[in-house]
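Here's the structure we're looking at; comments come further down.
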Amino acid sequence: MRLVVGVDVGNTTTEACLARVGPEGAVAYLGTALMRTTGVKGTPENADGAVAAVRAVLARVGPVTDQLHAVLLNEATPVISGLAMETITETIITESTMIGHNPATPGGVGLGVGVTVPIGELLGDRRGVEGSLIVVVPHGWDFDDVAATLNAAVRDGVDVVAAVLAGDDAVLVTNRLEKPIPVVDEVAAVEKVPMGMLAAVEVAAPGRTIRTLSNSYGLATVFALDPAQTRQVSPVARALTGNRSAVVIRTPTGDVTDRLIPAGVLELRGAGRTLRVEVDAGADEIMATVSRVAPLDDVHGEPGTHVGGMLAQVRDTMTDVTGQPASEIAIHDVLAVDTIVPAEVRGGLAGEVAQEHAVALAAMVSTDRSRMQAVADLVADRLGTSAGVGGVEGAMAVRGALTTPGVDRPVAVIDLGGGSTDAALLTASGETTAVHVAGAGELVTKLIDSELALDNREVAESVKRHPLGKVESFFHLRHEDGTVEFVDEPLPPHVFARVVVMTPEGLVPVPTRHSLDAVRRVRREAKRRVFCVNAVRALRQVAPQGNLRALDFVVLLGGSALDFEIPDMIADALAPHGIVCGTGNIHGSEGPRNAVASGLVDAYAEESA
Amino acid sequence: MTQSTPTTPLGPSDYPLSVNRPELLRTPTGKPLSDLTMDAVVSGELTGDDLRIAPETLQLQAQLADASDRPQLASNFRRAAEMTAIPDAEVLEMYNALRPRASSKEQLLAIAERLEGHYGAAESGVVVREAAEVYERRNLLARPEQD
Amino acid sequence: MTTPAGDRTVSLREVGPARRGTREDEVVVAVSPAFAGHFTKTIVDVPHAEVLRQLLAGIEEQGVTARVIRVRDTADLAAIAHLGAKLSGSGIAVGVLSRGTTMLHQKDLPRLSNLELFPQSPLLDAEVFRKIGSNAAQYAKGESPEPVPTRNDQMARPRWQAKAALLHLKEFECIEADRGPVEVEPAFELSPA
Amino acid sequence: MTSTQPEAFRRRSSRRTEILEDRPVNLDGFVEEWPEKGLVAMESEFDPRPSVRVEDGRIVELDGKGRGAFDFMDTFIANHAIDVETTEASMAIPSDEIARMLIDPNVSRRDVLAVSRGLTPAKILDVVKLMNVVEIMQGMQKMRARRTPANQGHSTSARDNPIQVAVDAAEGALRGFAELETTLGVLRYAPLVAIALQIGAQVGRGGVLTQCALEEATELELGMRGITAYAETISIYGTESVFVDGDDTPWSKAFLASAYASRGIKMRFTSGTGSEVQMGNAEGKSMLYLEIRCILMAKGAGVQGLQNGSISCIGVPGAMPGGIRAVAAENLVASMVDLECASGNDQSFSHSAMRRTARAMPQLLPGTDFVCSGYSGVPNLDNMFAGSNFDTDDYDDWNTIQRDMQVDGGLRHVREDEILEARDKAARALQALFAHLDLPAVTDDEVEAATYANSSNDYPLRDVLADLKGAQSVMDRGLTGLDLVKGLEATGFHDVAENLLTVLRQRVSGDLLQTSAILTPDFVPLSAINDANDYAGPGTGYRLQGERWEQLKKLRHVTSATNPETEVG
């Protein structure tokens, strides 16, 4: 009878599994422990965490340190991942053509077409004021005064057809007008609106969108355009689609463009060739190129671009960890994801926001120069026992996964981590293959953060981890599945009327104007684009001939396997391939944790039997 | 406890005890001050409990306060000596119960009884009893819910 | 400033006891005993006419209606705002003291709590009052407004702390115990420039 | 601003008036007295007349009120603060005679205490009302509990950056603060910042005591874990209604005082003139009368000391006639009832540098237990206590005033190379400790920035999310002061580890619980017992001389007498 401890050093946690191994290789599992990993995985700094985990598991089952026979460590490959995001489109307005922004509260309803004139010209003798007018009101004008000035002018026969305001006063002004007109407000850079130009202002009723200015022929009608000019203004119409209000000003050379930003070039090397792909080609194109050069040997990014900087940093970090020169560090995988980033329109007059396209990229480096033997030596020294490297991580993980009730060979595991998604396959004949692919939990957090414009990783992380709700009163909230929960004690004021994350510590408000459904959609879509895509990608790389149908059992492991929805989403994604997929339950009790550590024990028992 | 009690009350010249009378000092775990060394820390022999104050030490400091004509400070130290036995969470609970309009008279008296009975904290009990009486007179006991 | 107008004044005409509102789309603005009465401006000389006009404008711009009440038997901001909230059809109220200190309250909250509090009266100007009104209305509509950013100034203490205390005491002097809240109609008047 | 007057009627101003109008002092606020409402510093006809009556060993009348009419402050003071045996005799002594005792070098501190322990609040007010500022200073010189004056510093960061807090604590400790206090913008940062403060302090000068101002429960927990060494933000108020508004009573606070002592943690209360009228419930009493009630309440609770001197309400007495005299008097009263006095000067007080300096003279010149209860050891923009009366920009002025007046304000000039060394070491110690404890990393860039920085703007931004997680893990993992000692020892910061262990060991002896206790650089507890104030006139008591005076003669630039072409230092 021998006491052994299997220790799995992971990127964030170090897990230990204590077992008694009998003479026939019979294994009795005695307990497990979980500690934070110290240092970067695969480096000597791991020893502290490993020793702590061993002590913790021993403490849990009693004072038996002296009888400890061996500590078994996994062959942990250092994996470093990096993330970057590149905006690849940009909306630009030149020469003050358009104000297509969506103030929360425009005033009036309808379309007004006329010539722009500053409100100051309506005071005094109004010389030079004639025809239909669109009145432009700068900062500093009080709403009562604006209304009084417009009313006086209209009473004197001036034809005011619409107004454009700097402040948030549209409803206030229209409520005070004797003759109703459409009014657009909150135009921050109102002083840049050109005067004496033909312009159109359109406001739709609440809950509706504009009809005329978002239609190319509507614009053509309003501004009497010929077919060539109409073709030119079609981007304007497109940009205004879906708005409740808009202003279009016709200037001699004004334009709205949707420009593609050169975001740099990725150089992918593998399968004996080198392919280049523009990042602004989008995720599909990048991933298609990646698959054409699989297996990937290395990736470089164009210096001076975000991509280049990100890839260089990943390489530098690995150099620091392993001491290997940067030239020998190779990037083995990238994952590109299309995303949308709210960005302020360049040249806009009212802080208009456009949904710009962007590509998020995760890259991953792994090295075979592991220093686990050094960790083992340190552990042996500190604990006064023997310690060795007991097996390769992926192989051990599938072994551990096999202890999940209802699982049999061939079995594949997917380890859903923070930086990388790992897969391994154990065939019926006992052979294992393993792979790491780039992109996991951290990328999901980043996508949520940028798409919701939170600019707060902590909140984004929280949105990722927990279900949402909307606090509808101090005494009830609506969960994201539509159910309503009533509470006896009033909810705290800082969550009132907010979309909240239901964390175990309580409700945390999400600082966003998006609805609950929008936030939920962003969260699920981010998870799908990273984890579902990567699950399929990784499995294809370990499946015989890349055929997913050849897999029977897939066991999900790792921290994200505890997520409240990711396992279901992956299972749904794999279901069409006839795969049984579920969250691991190591030894029928540990959940998706401890697979590698117990795999190490099993391997040891098998050898010693 | 293995703490040696001095035969005569301490006076100002005994202060500081850590310098002049270290032999009188013990941790709540019974260790002398000289055991609180770096070696002991590194080897893990010392725990948080070794760095707490013992009730006997608070009584010694109370003697010093009395000898320096600070009777209120001395009383505070004696109440503190009684309270060393009360777990942290319960100390905070009792403190919260003493806030205005937080407790009924019965609740306050129950705390006093627990102090006196369970913890042998007679002087602390007196403080709580006095609070109960004053709160009643000044309308500071918990009231039924109202707006 | 390009605005052609002069200064505005306001008088609050009492129209009867304040009652609970029935419209869900209303916000109550509850003012303190001396607001636009014994006092005419805040601690930093923002006219009460402007405070009220901007609060009401912020509410109106959001398409929500407003009622103004005067609380007479207390000068405690939380009590004023909470009473306003209880009388508000939407359950949302803005409470405001003569010196300018302002609070957003909701009827189901404990009195000593609040939705948003603006304790530094010297830092509140017309623009901030407009935003406070706007947020009150958005809460009434069930939206999630960004809290109005609060500012801080370390040197407000030497300049304003004592005057704030004095104004607070004066407001207390204007308390009429045992007189319930009254609904008021603001009448704004433009004084010649 | 409000030029509502038509142009034509506006009076023409002289050039001089314009210049005076622009002086910073005119940005300060001043108001007229209103004694009926308590808006008056210390001279009010609405304050009660002194009286006391004892029956059956119990005070049954206090300052004109019978026991039946006592509010809870009267009750607590009558039951706990006033010596029943001597009160009638003490009260019979005319106030002017007691006032003279306070300044008479032939009357010892002990003799004064024998009288003062029997005085009622109104009587004490009556006594100090007779004293002008110079007499108040004379009284303070004799009545201060500890013979040797000291100073306390703040070390905070506008970004709650723990590295900044550590290095500024190290510099502050090196410059002479005996206590260092921090607080937070984001409360959840507290564990990391409290650790940083402790490490920085022990790097700068072993034995400096630290505290982190938080709500009671967390503050007590950090203390119990040995991450902080003392507590101070335990507020008390002079009227029953304001005390209750603060959700406490004299009994709840007295209980808390014993709770701290039971964990071996030094503690003092906080109060100050102006807080009651600021909250609108002064009950028509002067600010000083109400503060004297606070001081006696603290005395009755058996707490060893008090932070007072108006503190966060300084703008109120500061705006009143004689207000700063009242503030000086409240410090004196704390000392004359034998409490440790941490005497304010800790909040932004005036736009005028002259007023700021003058305000501190009644504490700096006679010396108090802590002249400032928070001199900002960071630029005021980083001061999370809303700014102090003095900050890092004032270090050289402070040192020069000490040298001019030959008074000890607790600080000294330190050469830049020593300061850089201490800052670098504090940053590296924190870096090593965080790495050892698996807390968010401190980079070499941060260490470098910290060494040469002035404000939080000079540091690389930290990953706040990671820091907050780290802070939470300090609480979850139950890290204690002992873990900090182990970590420092394991990472080669042996001397810092020893310093911290020695501070922790003090808790076992309880020596720091005695009145006015601090630790000397040799780790000897120095309190009102073994360093009792023995002032007895010229030539006695604490004198700035010898080695300490030589230290304080040094400034950044002093021309050498031997070779006037060079500077000494």
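Reminder, nothing fancy here: chain letters follow the sequence lines and each chain counts from 1.
Rounding to the nearest 0.5 Å places CG of D:Leu220 at 7.0 Å from CG of B:Asp88. In this structure, OG on B:Ser18 lies 8.0 Å from CG on D:Leu512, to the nearest 0.5 angstrom. Here B:Thr37 contributes atom OG1 and D:Glu498 contributes atom CD; the two are 8.5 Å apart, rounded to the nearest 0.5 Å. With rounding to the nearest 0.5 angstrom, the CZ atom of B:Arg52 is 8.5 Å from the CD1 atom of D:Ile265. In this structure, the separation between NE2 on D:His80 and CD on B:Gln72 is 9.5 Å, given to the nearest 0.5 Å. Summarising the geometry, atom CD1 belonging to B:Ile86 is positioned 7.5 Å from atom CZ belonging to D:Arg263; distances are rounded to the nearest 0.5 Å.
For a residue to count as touching a neighbouring chain, one of its non-hydrogen atoms must lie under 4.5 Å from one of that chain's; by this rule B:Ser124 does not touch chain D. Contact of B:Ser13 with chain D is not made at all, since no heavy-atom distance falls under 4.5 Å. Of the two parts of B:Arg101, only the side chain, counted from C-beta on, holds a non-hydrogen atom closer than 4.5 Å to a non-hydrogen atom of chain D. Neither the backbone nor the side chain of B:Glu82 comes within contact range of chain D; no heavy atom of the residue lies under 4.5 Å from a heavy atom of that chain. For B:Val134, the part sitting under 4.5 Å from any heavy atom of chain D is the side chain, from C-beta outward, and nothing else. The contact between B:Leu17 and chain D is made by backbone and side chain atoms together, counting heavy-atom distances below 4.5 Å.
Among all heavy-atom pairs drawn from D:Phe255 and B:Tyr95, the shortest one is CE2-N, 3.8 Å. Residue D:Ser258 comes nearest to B:Ala80 through the heavy atom pair O-CB, 3.4 Å, listed as atom of the first residue, atom of the second, then distance. Considering all non-hydrogen atoms of both residues, B:Phe77 and D:Leu513 come closest at CZ-O, 3.4 Å. Pairing each heavy atom of D:Ala301 with each of B:Arg79, the nearest pair is O-NH2, 3.1 Å. Shown here for B:Gln61 and D:Ser509, the closest heavy-atom pair between the two residues is NE2-O, 2.7 Å. The nearest pair of heavy atoms linking B:Val127 to D:Trp251 is O-CD1, 3.5 Å.
The shortest side-chain heavy-atom distance between D:Glu221 and B:Leu92 does not fall under the 4.5 Å cut-off. Between D:Asp248 and B:Arg99 the shortest side-chain heavy-atom distance falls below 4.5 Å. Residues D:Val508 and B:Leu33 form a side-chain contact, since some pair of their non-hydrogen atoms from C-beta on lies under 4.5 Å apart. Taking the side chain as every heavy atom from C-beta outward, B:Asp69 and D:Arg117 approach each other to under 4.5 Å. Inter-residue side-chain proximity for D:Phe243 and B:Pro100 is flagged as unmet; no heavy-atom pair is nearer than 4.5 Å. Side-chain contact between B:Asn76 and D:Gln304: absent, with no pair of heavy atoms (C-beta onward) separated by less than 4.5 Å. At a threshold of 4.5 Å between non-hydrogen side-chain atoms, the residues B:Val91 and D:Tyr260 do not count as touching.
Between chain B and the residues D:Asp247, D:Asn530, D:Val524, D:Leu501, the largest count of heavy-atom pairs under 4.5 Å involves D:Asp247. Contact count versus chain B (heavy atoms, under 4.5 Å) is highest, among D:Leu113, D:Asp83, D:Leu526, D:Asn79, for D:Asn79.
Contact residues of residues 480-489 of chain D toward chain B are D:Leu482, D:Val485, D:Lys486, D:Glu489 (heavy-atom distance under 4.5 Å).
Screening residues 501-528 of chain D for salt bridge (charged side-chain N to carboxylate O under 4.0 Å, His left out), with sequence neighbours left out, gives no hits.
One side chain, B:Arg137 or D:Thr75, offers a donor N or O that lies under 3.5 Å from an acceptor on the other.
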